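Here is the structure we will look at, set down as structure tokens.
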Amino acid sequence: QVQLVESGGGLVQAGGSLRLSCAAAGRAFSNYVMGWFRQAPGKEREFVIGISGGGETTKYDDTVKGRFTISRDNAKNTVYMRMNTLKPEDTAMYYCAAAYRRQIPTVQNLYGYWGQGIQVTVSS
């Protein structure tokens, strides 16, 4: 069982930055791929970014490539997403998710554990 809690969201102006954190409670955090998804009002939840259990591999959606980065500290059971050059279209509820897999899935059904989500709002 893995419990996930996101933090760091809020309101920011376009062009600004935020860092989201996701703290995990549970065993063997390094065995889990960690991903971030987002869901804007009226839209499907979509994959944003992910990182392998050891942190060697990352995967990005094209919409955030070059602007968002992901990292993890397995000693602290925490994954981070740094969001730079934010745009109004980045406004969404952001969810942290964990998958007990070796490769990074982009499909939400392959993630077994989810945080409650945190709001990010980017004003123009």
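The figures that follow rest on heavy atoms only: side chains count, while hydrogens, waters and symmetry mates do not. Model, not experiment: these values are computed from the prediction.
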(request) Hey, could you give me the CZ/CE distance between R72 and M81, rounded to the nearest 0.5 Å? (result) 14.5 Å
(request) State, with a plain yes or no, whether a side-chain heavy atom of Y80 is found less than 4.5 Å away from one of D73. (result) yes
For residues 14-24, please give each side-chain donor-acceptor pair under 3.5 Å, one per line with the distance, not counting sequence neighbours.
| residue | atom | partner | partner atom | Å |
| --- | --- | --- | --- | --- |
| S17 | OG | N84 | OD1 | 2.9 |

(request) Answer whether the closest heavy-atom distance between the side chains of Q1 and Y113 falls below 4.5 Å. (result) yes
(request) State whether the side chain of E6 and the backbone N or O of C96 hold a donor-acceptor pair below 3.5 Å, judged by distance alone. (result) yes
(message) Looking at every non-hydrogen atom in both residues, tell me the closest pair between Y94 and V48 and how far apart they are.
(response) CE2-CG2, 4.4 Å
(message) Tell me whether the count of non-hydrogen atoms from other residues, nucleotides or ligands lying under 6.0 Å of CD in Q3 goes above 12.
(response) no
(request) Taking all non-hydrogen atoms of both residues into account, name the closest pair between I70 and Y60 and its distance. (result) N-OH, 4.1 Å
(message) So if I apply the ring pair (Phe, Tyr, Trp, His ring centres under 6.0 Å) rule between F47 and each of F37, Y111, Y95, which one comes out positive?
(response) F37
(request) Working to the nearest 0.5 Å, report the span between NZ of K43 and CE of M93. (result) 15.5 Å
(request) Rounded to the nearest 0.5 Å, what's the gap from NZ on K59 to CD1 on I49? Could you check? (result) 12.0 Å
(request) Before accepting this row, confirm whether a basic side-chain N of the pair K65/D62 lies closer than 4.0 Å to the acidic partner's carboxylate O. (result) yes
(message) Looking at every non-hydrogen atom in both residues, tell me the closest pair between M34 and F29 and how far apart they are.
(response) SD-CE1, 3.7 Å
(request) Check whether any side-chain N or O of T91 sits under 3.5 Å from a backbone N or O of V122 as a donor-acceptor pair, and report yes or no. (result) yes
(request) Provide the closest heavy-atom pair for I51 versus S71 in the form atom of the first, atom of the second, distance. (result) CD1-CA, 3.8 Å
(message) Taking G53's backbone N and O only, do any of them form a donor-acceptor pair with N74's side chain (distance below 3.5 Å, no angle check)?
(response) yes
(message) Counting only heavy atoms not in Q119 (residues, nucleotides, ligands), do more than 12 fall under 6.0 Å from its CD?
(response) yes
(message) Can a donor-acceptor pair be found, under 3.5 Å and without considering hydrogens, that links the side chain of R38 to the backbone of V120?
(response) no
(request) Flag yes if I118 and M83 sit in one hydrophobic cluster, no otherwise; membership is Ile, Leu, Val, Met, Phe, Trp, Tyr, and two members link when side-chain heavy atoms are under 4.5 Å apart. (result) yes
(request) State whether the side chain of R67 and the backbone N or O of T85 hold a donor-acceptor pair below 3.5 Å, judged by distance alone. (result) yes
(request) Examine W36 and W114 and state if one hydrophobic cluster contains both, with Ile, Leu, Val, Met, Phe, Trp and Tyr joined whenever side-chain heavy atoms are less than 4.5 Å apart. (result) no
(message) Just checking E46: does its CD atom have more than 12 heavy atoms from other residues, nucleotides or ligands closer to it than 6.0 angstrom?
(response) yes
(request) Answer yes if L4 and Y100 sit in the same cluster of Ile, Leu, Val, Met, Phe, Trp and Tyr residues linked by side chain heavy atoms under 4.5 Å apart, and no otherwise. (result) yes
